[in-house]
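Structure, as structure tokens:
Being a predicted model, the structure only gives us computed values, none of them experimental. Values below: every heavy atom of this structure, side chains too, minus hydrogens, waters and symmetry copies. Starting from 1, each residue takes its place in the sequence as its number.
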Amino acid sequence: MELTSFLAFLAITLPVAYGAPSPTATTLHPQILAAMKRDLGLDTKQATARVARERWAAGVIEELRTTTKDSFAGAWIVDGHNLHVGVTDQAMAKKVAAAGATPVMMANSFSKLTEAKHAVDKMGSQTRSARSGIAAYYVDVATNKLVMEVLSSSTAHAKAMAEKAGLVENDDFEIRIVDKMPTTFASVQGGDAYYINQSARCSVGFPVTNGFVSAGHCGTSGSSAATADGEFLGTFQASVFPGDADMSFIGTDGATLFPQINGYGGDSIPVSGSDVSASGSSVCRSGSTTGVHCGQIRSFDATVNYSEGSVTGLTETDVCAEPGDSGGSFYSGTQAQGVTSGGSGDCSSGGITYFQPVNEILETYGLTLLTS
């Protein structure tokens, strides 16, 4: 395959979310606007304003996380516009209002619920196994509770585990019933993507110095990565799955990498950074099976139980995905968010998809995200 053909292929395998404007930008990429209109029901003006507002909210949240200290109870965006910040101390509500956000009094601090969630993590196979019947669990900042998503047959078990972590039902945790357990989105079907050991197919996440990042379940250290035509791309230098992450780094050999992702029918979209968007923010995903789809961020630091094992630290979204989309880009504007891990449902009926935060991958492996 000629280099230009390979680059075109690589762009296709790079999933897209949506192009968000920088502080000076006034428009979004046409392909991203189309996806946001289709999946979020937004017109051009609404999409542009929403992304700009969410970028502002991300900065405010980090500021208030510091100034409200132990009183901080989480933050989320309502109706794509209003930033709500929870606090447990009435005195801190003024700081929240002064920053332009809506203060919400909460019973539980974010640190308390996070510590309880981590206590559940340490319960091993009782909570971190697909056999437990617990699909996922995470801190839901809007309800100010630890939410456990479980099969109907496992509600008693999940309740016992939450209570073992020192939480009280209704006050501190909530059980939600799901129809099925999540699965990863790796695939052995053909298509435009990169292939692992000439068999399973995944999607490229984000180009970094000397390679690209993707999902850990796509391949193990030493596995090969190749184009659809069988041309060698590189080798998995590191991979984690299951466990503390679902991430991998593939070192490439002679490939030219660009700081952008494919627009699926339109121009490529530049990557400008990796600022983390808030819960409730719009987010888009692109993969080699289904292309571009959008939705919202639901929660952070979710522990998800796949049949292969439990994974902690994932972000939950209501964006759909299907087999072969694994490893692909999750994007908020021009800001990289993460790589597709797994989930449930599909893009015909809708679903839930989790992604591995990209910043953890960069920090763990000492990588630098390529930006334009």
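- Note that OG of S214 is 12.5 Å distant from CE of M247, once rounded to the nearest 0.5 Å.
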Let me have the donor-acceptor pairs involving side chains of residues 361-371, under 3.5 Å, with sequence neighbours excluded, atom names and distances please.
unit_1	atom_1	unit_2	atom_2	d
T364	OG1	E360	O	2.7

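- S132 and Q126 share no donor-acceptor pair across their side chains, judged by distance under 3.5 Å alone.
- Here the CZ-OG distance, from R50 to S282, works out to 4.5 Å after rounding to the nearest 0.5 Å.
- Note on residues 297-344: pairs passing disulfide (SG to SG under 2.5 Å), not counting sequence neighbours, are C320-C347.
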List the atom pairs, with distances to 0.1 Å, where a side-chain N or O of residues 59-70 and a protein N or O form a donor-acceptor pair under 3.5 Å, not counting sequence neighbours.
unit_1	atom_1	unit_2	atom_2	d
T66	OG1	E62	O	3.3
T67	OG1	E63	O	3.3
T68	OG1	L64	O	2.5

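- Shown here are the side chain to side chain donor-acceptor pair (under 3.5 Å) partners of K95, two or more places apart in sequence or in another chain: there are none.
- Using modelled atom types, one finds a donor on one side chain and an acceptor on the other under 3.5 Å when comparing S223 with T220.
- Salt bridge R55/D275: present, at least one basic N to carboxylate O contact under 4.0 Å.
- Within the structure, the disulfide (SG to SG under 2.5 Å) test picks out no pair touching residues 81-134 (sequence neighbours left out).
- Cluster partners of Y138, by chain and number: V147. The rule joins Ile, Leu, Val, Met, Phe, Trp and Tyr whenever side-chain heavy atoms lie under 4.5 Å apart.
- Look at D140 and R176 and you find a salt bridge, because one of the NZ, NE, NH1 or NH2 atoms lies within 4.0 Å of a carboxylate O, short of that distance.
- I250 CD1 to L233 CG: the interatomic distance, rounded to the nearest 0.5 Å, is 9.5 Å.
- Taking the charged nitrogens against the carboxylate oxygens, R298 and E149 do have a contact shorter than 4.0 Å, which makes a salt bridge.
- Hydrophobic clustering, defined by side-chain heavy atoms of Ile, Leu, Val, Met, Phe, Trp and Tyr closer than 4.5 Å, groups I352 together with F241, V304, Y306, V311, L314, Y354.
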Problem set entry | Evaluation steps, ring-ring contact (aromatic ring centres under 6.0 Å, His included), between Y194 and F212 | CA-CA 11 Å; Y194 78 93; F212 60 89; 5.2 Å; yes
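- Under the ring-ring contact (aromatic ring centres under 6.0 Å, His included) criterion, Y137 pairs with no residue, sequence neighbours left out.
- Between the side chains of D325 and T290, a donor-acceptor pair is found at a separation under 3.5 Å.
- The distance from the OH atom of Y331 to the CZ atom of F355 is 13.0 Å, given to the nearest 0.5 Å.
- In terms of modelled atom types and a separation under 3.5 Å, the side chain of S239 and the main chain of G216 share a donor-acceptor contact.
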Name the atoms and distances for all side-chain donor-acceptor pairs under 3.5 Å in residues 166-173, with sequence neighbours left out.
unit_1	atom_1	unit_2	atom_2	d
E169	OE1	K159	NZ	3.2
D172	OD1	N108	ND2	3.2
D172	OD2	V168	N	3.0

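- C202 places a side-chain heavy atom less than 4.5 Å from the side chain of S326.
- Applying the ring-ring contact (aromatic ring centres under 6.0 Å, His included) definition to pairs two or more places apart or across chains, none involves residues 139-172.
- Through direct or indirect side-chain contacts shorter than 4.5 Å among Ile, Leu, Val, Met, Phe, Trp and Tyr, M181 is connected to L151, V178.
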Show me, pair by pair, the donor-acceptor contacts under 3.5 angstrom made by side chains of residues 84-92, not counting sequence neighbours?
unit_1	atom_1	unit_2	atom_2	d
T88	OG1	S71	OG	3.4
D89	OD1	A91	N	2.9

